[in-house]
Structure formats: structure tokens, C-alpha cells
**Student:** 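Following this message is one structure expressed as C-alpha cells.
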Amino acid sequence: MRILEIEKLFENEETLDQVLEKCKEDFDKIDYYAGIMKQNITNNPEEAKKALNELTGTYSNLRTVLAIAETEKKNREIRAYSKLRIDIENEGKQFKDGQGKQLASGKVASYRRVRNIILGYKEACEKSITSLQSLLRHMTEEMKLTK
């Protein structure tokens with residue numbers, strides 16, 4: 001199953017960029033349709049429906065990958081924070097919460113980067129879906145008026 005493959009890639013930083021490679025086809029599809037919409041050449045209802053279907057499937061894929069990315073980033077950040085706290089307190093020093101959060105955040109920067117890229121594409125996909133839905137409604141209304 002694809003989801004298990006993706007989860008495996010999040011297990012360490014060395015394989016993290018492979019997550020983006022697994023999502024490349026989805027990213028390319030979003031970029032393709034964004035280019036078409038940006039050039040304002042989406043005036044065929046059949047093409048708009050095709051794009052809507054493809055982007056809806058793409059959104060579903062990315063939403064699942066994003067859930068894994070968010071979970072992994074958050075869990076790693078919590079573990080890093082806890083480890084820092086234990087290490088500092090074991091040294092007999094006072095632990096400062098703000099500094100601990102900042103250091104823990106730095107330890108998961110590569111996970112946050114991957115999560116943010118996936119999030120950005122998911123949001124772009126969402127906007128394209130919304131625009132296509134509006135466009136199709138508008139086209140349907142125009143077809144009703146011309147009959």
C-alpha cells in the first residue's frame with residue numbers, strides 16, 4: 001500500500017526527500033492545471049470536469065501524505081523537546097521553555113520543509129478545485145440561459 005511506503009520514508013531524514021519524489025506526479029498535475037487556469041483557457045466544460053476529477057484525486061493523495069507529514073513533524077518535535085529538557089535538567093541546569101521549543105523546532109526543520117511543500121501544493125489544489133467548481137456552475141447557468 002502506498003501509505004505504508006510513505007510512512008517508511010518519514011522514518012529518517014535520509015529518505016525524507018523521497019517523499020517529495022513520490023508526490024512529484026501530483027505536484028506536476030497541480031502545476032499543469034494551475035498554468036492552464038492562469039492563462040485563462042479553461043472554457044470547455046468537459047475539460048473543466050476532467051480537471052476537477054483529476055485534481056480531486058490528487059487532493060485526496062496529498063491530504064493523506066500531509067497527515068503523515070504533520071504527525072511525524074509534531075511527534076519528532078515533541079521528542080526533541082522532551083530529550084532537551086531531560087538532558088538540561090540532568091545537568092542540573094534550569095530548563096527554559098521558550099528556548100527548548102526553539103531548539104526542538106530547529107531539530108525538525110527538514111520535516112517542516114517537506115510538510116510545508118506538501119501543504120502548499122494541497123492548498124493550491126484546493127483552490128483550483130474551488131475555482132473549477134465555480135467555473136462549471138457558471139458554464140451550466142450560461143447554457144441554461146442560451147436554451
**Student:** Measure the spacing between CZ of R115 and NZ of K122 and express it to the nearest 0.5 Å.
**Tutor:** 11.5 Å
**Student:** Is there a donor-acceptor contact under 3.5 Å from the side chain of S128 to the main chain of A124?
**Tutor:** yes
**Student:** Decide whether N116 and Y111 meet the rule of one side-chain donor and one side-chain acceptor closer than 3.5 Å.
**Tutor:** no
**Student:** Using 4.0 Å as the upper bound for N to carboxylate O, is an ion pair formed by K49 and E46?
**Tutor:** yes
**Student:** Are K93 and E89 ion-paired here, with the side-chain N under 4.0 Å from a carboxylate O?
**Tutor:** no
**Student:** Rounded to the nearest 0.5 Å, what separates atom CG in L52 from atom OG1 in T56?
**Tutor:** 4.5 Å
**Student:** Are Y121 and D31 linked by a side-chain donor-acceptor pair shorter than 3.5 Å?
**Tutor:** yes
**Student:** So, taking the atom named NZ in K8 and the one named CD1 in I68, what distance separates them when rounded to the nearest 0.5 Å?
**Tutor:** 12.5 Å
**Student:** Could you see if Y59 belongs to whatever hydrophobic cluster contains L132? Use Ile, Leu, Val, Met, Phe, Trp, Tyr and a side-chain cutoff under 4.5 Å.
**Tutor:** yes
**Student:** Regarding E54 and K50, does a basic nitrogen lie under 4.0 Å from an acidic carboxylate oxygen?
**Tutor:** yes
**Student:** Please tell me if the side chains of V19 and I118 come closer than 4.5 Å, counting only heavy atoms from C-beta onward.
**Tutor:** yes
**Student:** Might you point out which heavy atoms bring S110 and E13 nearest each other, and give the distance in Å?
**Tutor:** OG-OE1, 2.9 Å
**Student:** Does R112 reach the main-chain N or O of S105 with its side chain, forming a donor-acceptor pair under 3.5 Å?
**Tutor:** yes
**Student:** Is any NZ, NE, NH1 or NH2 atom of the basic residue among R113 and D17 found under 4.0 Å from an Asp or Glu carboxylate oxygen of the other?
**Tutor:** yes
**Student:** If the test is side chain to side chain contact (heavy atoms under 4.5 Å, CB included), which one of N75, T15, L16 qualifies with F10?
**Tutor:** L16
**Student:** Calculate, to the nearest 0.5 Å, the distance between atoms OH and OG1 belonging to Y33 and T58 respectively.
**Tutor:** 8.5 Å
**Student:** Check whether more than 12 heavy atoms from other residues, nucleotides or ligands sit under 6.0 Å from atom CZ of F95, and answer yes or no.
**Tutor:** yes
**Student:** Any ion pair linking E72 and R76 (charged N to carboxylate O, less than 4.0 Å)?
**Tutor:** yes
**Student:** Charged N to carboxylate O under 4.0 angstrom, K107 versus E77?
**Tutor:** no
**Student:** What are the two closest heavy atoms between P45 and L136, and how far apart are they?
**Tutor:** O-CD2, 3.7 Å
**Student:** Indicate the atoms forming the closest heavy-atom contact of L84 with A104, along with that distance.
**Tutor:** CD1-N, 3.7 Å
**Student:** Would L119 and L62 count as a side chain to side chain contact (heavy atoms under 4.5 Å, CB included) here? Give the steps.
**Tutor:** CA-CA 8 Å; L119 177 63; L62 290 182; over 6 Å; no
**Student:** Please round to the nearest 0.5 Å and tell me the distance separating atom CG of L9 and atom CG of L20.
**Tutor:** 10.0 Å
**Student:** For residues K29 and C125, determine if any side-chain heavy atom of one lies less than 4.5 Å from a side-chain heavy atom of the other.
**Tutor:** no
**Student:** Out of curiosity, I129 CD1 to S134 OG, how far, rounded to the nearest 0.5 Å?
**Tutor:** 12.0 Å
**Student:** Tell me whether I86 shares a hydrophobic cluster with I78, the cluster being built from Ile, Leu, Val, Met, Phe, Trp, Tyr side chains joined at under 4.5 Å.
**Tutor:** no
